[in-house]
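What follows is a single structure, written as structure tokens, with notes after it.
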Amino acid sequence: MTEQLTRRWTIAFVAMAPALVLTGRAFAWASAPKITVTKDPNCGCCGGWMNHLKAEGFAVEVIETAALDRVKAKLGVPNDLAACHTAEVAGYVIEGHVPAVAIRRLLSEKPQAKGLAVQGMPIGSPGMEVSGSAPESYDVVLFGAFGKRMFARFEGARELKS
Ligand SMILES: [Cu+2]
């Protein structure tokens, strides 16, 4: 009886193994989130930011338009947070040079919010690297119906942990 049970478990485990492998693969696939970036065709630093996202495993899609202000208004980006490009990922809005690590945290924590923004174009943020210039420190802001609050703080590409 016991031996038979053991045998059954062994068969069950062997049968499950490929399913586990498949699950692992699906997980890896799901971790390449699709992000749609809307930018002006003449924006260079926007391309730099998109390359950063690709290098960090995002599937990047681009929409080029000269009417970026209209897109920001439609998506509800606060005027004072407006930057050079506006992106959408999993129902969130990403405004400006937000580092990929902050976007990944947003996607895993799923806060009740409209999205993340980095105001202006800080030197040293992803896509804004200027050789010979010291990286600036800046906030990644979470915005939504509640207003704004600090989500993360960076110096260039490096996150400053409090
Ligand atoms: Cu920019």
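Just so it is clear, the values below take in all heavy atoms, side chains as well, and ignore hydrogens, waters and symmetry mates. For ligands, and for the atoms within them, numbers begin at 1 and follow the listed sequence. Bear in mind that the values here come from a model prediction, so they are computed numbers and not experimental data.
Cation-pi geometry between R105 and F151 is satisfied (NZ or CZ under 6.0 Å from the ring centre, within 45° of the ring normal).
The aromatic rings of W49 and H97 sit perpendicular, their planes meeting at an angle over 60°, well past the 30° parallel limit.
Residues S137 and L160 share a closest heavy-atom pair of CB-CD1, 4.3 Å.
We find the NE2-CE distance between H85 and M50 to be 9.5 Å, quoted to the nearest 0.5 Å.
The number of protein N, O or S atoms lying under 2.8 Å from the Cu ion (ligand 1) is 4.
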For this session: Could you check T86 against E95 for side chain to side chain donor-acceptor pair (under 3.5 Å), going step by step and ending with a plain yes or no?
Result: CA-CA 5 Å; T86 304; E95 178 71 13; 2.6 Å; yes

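Listed by first and then second residue, the side chain to side chain donor-acceptor pair (under 3.5 Å) pairs that reach into residues 117-130 come to none, sequence neighbours excluded.
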